[in-house]
Amino acid sequence: MNTPSSISRRRFLQTSAFLGGIAAPCLIPGSALGLNRSVSPGNRITLGFAGIGCMNRGHLSNTLQYDDTQVVAVSDPDQWRRDTGKATVETRYAQRAESGQFKGCDAYRSFHEMLDRPDIDGLVMALGEQWHGPAVIMAAKAGKDIYVEKPNAYTVHEALAQVDAVRRHSVICQVGYQQRSWANFEFACRLVREGALGRISRVYTVHHDPSVEIELPEEPTPPTLDWDLWLGPAPWRPFNHRLHYLGNPLNVVPWSFCKDLGLGGIASGSSHAFDIVHWGLDLDKSGPLEIIPPNDQCPFITFKYPNDVTFQIVHGRLNPQYHDIPEGFDPITSVQAFGAVFIGEKGWIHVGRQGYLKSYPAEIAKDRPSRYEGHLSHVREWLDCVRLRKRPACDVEIGSHSSIDPILGNIAYWLNRPLRWDPAKYEFINDDEANRLRSRAIRQPWMI
């Protein structure tokens, strides 16, 4: 359990009231903060946002709609981004204030400055995979609840260390595999687990590339960017705009193609599918037995899972040259990005975003939810779990296993040979070279 010194006064009062203790929160009207809001300040979850790129700008905008939260700080090594985040918060709260004005969001270069603030309950982190491992561990040690974007780790070692830190310090950690909070994915995975397709033999999703070694020409470091802090635990390299765009972000993970900083599209894109495959196959605490990179016989990376299940990442569509097209499946159909095609002895289910869900025979999915029925914000689900002190839909242990598989895929790509994996021991079988890649050297002072 957290000690009183590791949690905010707000959480102490909430817990005392819930347990029927003599200490109860004083009910302060919303106007005490100049805000016309229905939830008293003492009952709001106070948040800091670390990294104000594409993902966290979306999370920030959505969170500012909630009456039971208060965003009190943002951080980013890029001055434009942190200033924009601060302005977004204060403008939104001013619109809801009786006075029409609001000042009360601090802007920091580094998320570390939020760790020591006892008035911050939780952090929403979207920093990049080079940072997520150490950042989550630091936040857990500081007693902060955590929402972290995927992939939540760069190495197997970091993923396992995160789970240990979150459990040790009794914080609530959600990983950003948001499809866990969407009704059509829950429905499809439940059908698979309950045997609607019989024994599963094959699963497919869409191909995304690994990260690669690359050298980029040095460019002048912008004076408004703390480049050394942005790199953090990653090896030092000179600034290049392809790794970080100044101003309005142009895409979600521009750095991820670079091996020093990221894990490529197989982690930033396909990892959503890994999470759904784990969910459907009931492998949330397990993983593959073998990883086979593309070769002359098969141009797709292939994962062999327990119970003789083959999971393959294909180039857009199933190819009759390499795949047995299942009955009822049109081969010109594009496999859903971030989704999966589960194929079993009784038929198949194809699930994706925007409510996409098809099956063969059609009766398998006849009771499917409507397009957005039960579609819950993943951050909102985390906030509810923070208040109730329960594990969220994509708890850190689930999310770490979903991130480990694309990490293993990268290692197979980098070594360009098949690898055998022991999911119980988290190690490659009789392969010292591959096992050395389960961890990495981290720049001081960010070691974990």
Side-chain angles (χ1 to χ4, degrees), residues 179 182-210 264-266 269-283 287-369 371 402 405-406 408-409 412-413 418:
Q179 294 169 169
W182 295 3
N184 63 315
F185 285 101
E186 188 280 330
F187 179 72
C189 290
R190 177 162 47 83
L191 287 178
V192 174
R193 289 195 309 274
E194 292 176 352
L197 300 178
R199 187 184 69 82
I200 302 298
S201 59
R202 292 163 287 158
V203 187
Y204 298 106
T205 192
V206 177
H207 178 269
H208 291 90
D209 291 324
I266 193 174
S270 298
S271 63
H272 283 291
F274 281 100
D275 186 60
I276 295 307
V277 172
H278 277 210
W279 200 9
L281 299 180
D282 203 15
L283 294 175
L289 304 177
E290 187 176 8
I291 309 98
I292 306 168
N295 54 55
D296 292 339
Q297 288 72 45
C298 179
F300 316 110
I301 187 168
T302 303
F303 294 76
K304 300 287 189 178
Y305 283 99
N307 301 316
D308 294 322
V309 178
T310 297
F311 173 47
Q312 201 165 74
I313 306 180
V314 304
H315 299 156
R317 296 178 175 88
L318 300 187
N319 187 333
Q321 180 179 352
Y322 300 102
H323 306 120
D324 292 327
I325 307 299
E327 183 179 356
F329 195 93
D330 187 342
I332 69 170
T333 301
S334 295
V335 177
Q336 287 283 302
F338 314 115
V341 182
F342 293 91
I343 301 173
E345 57 190 352
K346 298 180 182 179
W348 52 263
I349 290 175
H350 187 183
V351 62
R353 293 193 176 181
Q354 285 75 50
Y356 187 96
L357 180 60
K358 293 186 178 180
S359 71
Y360 182 87
E363 290 75 22
I364 290 176
K366 60 182 174 61
D367 296 323
R368 58 172 293 171
R371 188 175 185 189
S402 296
D405 283 21
L408 304 182
Y413 269 114

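No experiment lies behind these values; they were computed from the predicted model shown.
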Quiz item: Taking only residues two or more places apart in sequence or in another chain, which ones pass side-chain hydrogen bond (donor to acceptor under 3.5 Å, both in side chains) with S270?
Solution: H208

Exercise. Flag the pair F342 / I276 as yes when at least one side-chain heavy-atom distance between them is below 4.5 Å, and no otherwise.
Key: yes

Quiz prompt | Residues which pass salt bridge (charged side-chain N to carboxylate O under 4.0 Å, His left out) with R193, listed by chain and number, not counting sequence neighbours | solution = none

Quiz prompt | Non-neighbouring partners of H272 that pass ring-ring contact (aromatic ring centres under 6.0 Å, His included), sequence neighbours left out | solution = Y177, F338

Quiz prompt | Listed once per pair and sorted, the side chain to side chain donor-acceptor pair (under 3.5 Å) pairs that draw on residues 307-316, sequence neighbours left out | solution = T302-Q312, K304-T310, Q312-H323

Quiz item: Sequence neighbours excluded, which residues qualify as side chain to side chain contact (heavy atoms under 4.5 Å, CB included) partners of D296?
Solution: none

Quiz item: If we only count heavy atoms from C-beta on, is the F300 to P294 side-chain gap below 4.5 Å?
Solution: no

Quiz item: Do P326 and L318 come within less than 4.5 Å of each other through their side chains, counting heavy atoms only?
Solution: yes

Quiz prompt | Approximate separation, where rounding is to 0.5 Å, of E186 CD and L191 CG | solution = 8.5 Å

Quiz item: Do V192 and W279 touch side chain to side chain, with heavy atoms closer than 4.5 Å?
Solution: no

Quiz item: Looking only at heavy atoms, what is the nearest atom pair of D209 and H207, with distance?
Solution: OD1-CE1, 2.7 Å

Which atom pairs, donor and acceptor, lie under 3.5 Å between side-chain atoms of residues 358-365 and protein residues at least two apart or in another chain?
from: S359; atom 1: OG; to: P361; atom 2: O; distance (Å): 3.0
from: S359; atom 1: OG; to: A362; atom 2: O; distance (Å): 3.4
from: S359; atom 1: OG; to: A365; atom 2: N; distance (Å): 3.3
from: Y360; atom 1: OH; to: E327; atom 2: OE2; distance (Å): 2.9

Quiz item: Residues two or more places apart in sequence or in another chain: which of them pass ring-ring contact (aromatic ring centres under 6.0 Å, His included) with Y413?
Solution: none

Quiz prompt | Pairwise distance CG(D275) to CG(L283) - rounded to 0.5 angstrom | solution = 11.5 Å

Practice problem: Could you tell me whether a side-chain N or O of R317 sits under 3.5 Å from a main-chain N or O of P331, the two making a donor and an acceptor? | Solution: no

Can you give each donor-acceptor pair under 3.5 Å made by side-chain atoms of residues 194-205, sequence neighbours left out, with the distance rounded to 0.1 Å?
from: R202; atom 1: NH1; to: D324; atom 2: O; distance (Å): 2.7
from: T205; atom 1: OG1; to: G339; atom 2: O; distance (Å): 2.7

Quiz item: What heavy-atom pair brings I301 and P293 nearest, and what distance separates the two atoms?
Solution: CG1-CA, 4.1 Å

Quiz item: With distance as the sole test, does N184 use its side chain to make a donor-acceptor pair with the main-chain N or O of R353 at under 3.5 Å?
Solution: no

Self-check item: Separation between CD1 of I292 and CZ of F303, rounded to the nearest 0.5 Å
Solution: 10.0 Å

Quiz prompt | Over all atoms of both residues, closest heavy-atom pair of I266 and P210 | solution = CG2-CA, 4.2 Å

Quiz item: Of all residues at least two apart in sequence or in a different chain, which pass the side-chain hydrogen bond (donor to acceptor under 3.5 Å, both in side chains) check with Y322?
Solution: none

Practice problem: Using the six-membered ring wherever Trp is involved, compare the ring planes of H350 and W348 and label them parallel, tilted or perpendicular (cut-offs 30° and 60°). | Solution: perpendicular

Practice problem: Taking all heavy atoms of V206 and all of G316, pick out the closest pair and write down the distance. | Solution: CG1-N, 4.3 Å

Exercise. For the pair Q179 and V351, evaluate side chain to side chain contact (heavy atoms under 4.5 Å, CB included) and give the outcome as yes or no after the intermediate values.
Key: CA-CA 11 Å; Q179 294 169 169; V351 62; over 6 Å; no

Quiz item: If you look at every heavy atom in P418 and E290, which pair is closest and at what distance?
Solution: CB-OE2, 4.2 Å

